[in-house]
Amino acid sequence: MAKRIPRHVKIATAAVVAFGDRGHSKLAEAAGISRQMMSFIVNGDKPVTDDVYRRVAGALSKEADRMANAGRWLDKMALQMLRELED
C-alpha cells in the first residue's frame with residue numbers, strides 16, 4: 001500500500017506550484033489563514049486541522065480554475081499572433 005504524504009508537505013508543495021517560490025504567503029491569504037499559521041504548517045510545527053485543510057483545498061481549486069482560464073486566454077492570444085504573421 002502506498003504511503004500517505006503528510007498534509008503539511010502537500011500544502012507546501014501545492015503553494016509553490018500554484019503561486020511560485022514565495023507562494024506560502026499567497027496561499028495563506030487565499031485560504032484565509034495568517035502567514036504565521038501557514039509558516040507553522042509548512043514547517044511541520046502545527047498540525048493541519050480539517051478546517052484549514054478544507055480552506056487550502058478550496059483556495060487551490062479556485063487558483064487552478066484561474067490558471068486554466070489564463071492558459072486558454074494565452075493560447076488564444078498566441079494563435080491570433082501566429083495568424084497575424086501569416087497575413
Side-chain angles (χ1 to χ4, degrees):
M1 189 152 94
K3 185 176 177 182
R4 280 193 180 188
I5 298 171
R7 287 179 170 190
H8 75 281
V9 173
K10 287 181 183 177
I11 290 172
T13 303
V16 172
V17 171
F19 297 103
D21 289 337
R22 297 183 177 262
H24 299 147
S25 294
K26 291 179 182 178
L27 180 54
E29 182 179 344
I33 63 174
S34 71
R35 289 188 313 221
Q36 184 178 19
M37 174 64 79
M38 181 61 75
S39 179
F40 286 144
I41 288 170
V42 299
N43 289 321
D45 295 332
K46 285 217 176 213
V48 181
T49 65
D50 289 348
D51 179 57
V52 168
Y53 207 51
R54 191 172 290 110
R55 287 178 181 209
V56 168
L60 289 171
S61 180
K62 190 173 182 179
E63 180 62 11
D65 288 344
R66 188 200 68 76
M67 292 170 79
N69 289 334
R72 283 189 291 275
W73 184 87
L74 288 170
D75 190 45
K76 182 179 174 182
M77 185 59 61
L79 288 172
Q80 288 175 352
M81 294 166 76
L82 291 171
R83 286 185 187 125
E84 285 176 14
L85 292 171
E86 293 173 359
D87 290 341

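Every residue two or more places apart in sequence or in another chain was checked for a side-chain hydrogen bond (donor to acceptor under 3.5 Å, both in side chains) with Arg35, and none qualifies. Met67 is linked by a side chain to side chain contact (heavy atoms under 4.5 Å, CB included) to Glu63, counting only residues two or more places apart in sequence or in another chain. Evaluation of the side chain to side chain contact (heavy atoms under 4.5 Å, CB included) rule for Asp75 yields Leu79 as partners, not counting sequence neighbours. Under the side chain to side chain contact (heavy atoms under 4.5 Å, CB included) criterion, Gln80 pairs with Lys76, Met77, sequence neighbours left out. For Ala59, the side chain to side chain contact (heavy atoms under 4.5 Å, CB included) partners at least two apart in sequence or on another chain are Leu27, Ala30, Ala31.
Residues Val16 and Val42 do not share a hydrophobic cluster, defined by chaining ILVMFWY side chains whose heavy atoms lie under 4.5 Å apart. Under the 4.5 Å side-chain heavy-atom criterion for Ile, Leu, Val, Met, Phe, Trp and Tyr, Ile33 and Ile11 are members of the same hydrophobic cluster. Both Val56 and Met37 are part of a single hydrophobic cluster, where members link through side-chain heavy atoms under 4.5 Å apart.
Within a 6.0 Å sphere centred on CD1 of Ile5, other residues, nucleotides and ligands contribute 12 heavy atoms or fewer.
Once rounded to the nearest 0.5 Å, the distance linking OG1 of Thr49 with CZ of Arg55 reads 8.0 Å.
The stretch residues 7-22 participates, sequence neighbours left out, in these side-chain hydrogen bond (donor to acceptor under 3.5 Å, both in side chains) pairs: Arg7-Asp50.
Counting only N and O atoms by type, the side chains of Arg72 and Asn69 include a donor and acceptor under 3.5 Å apart.
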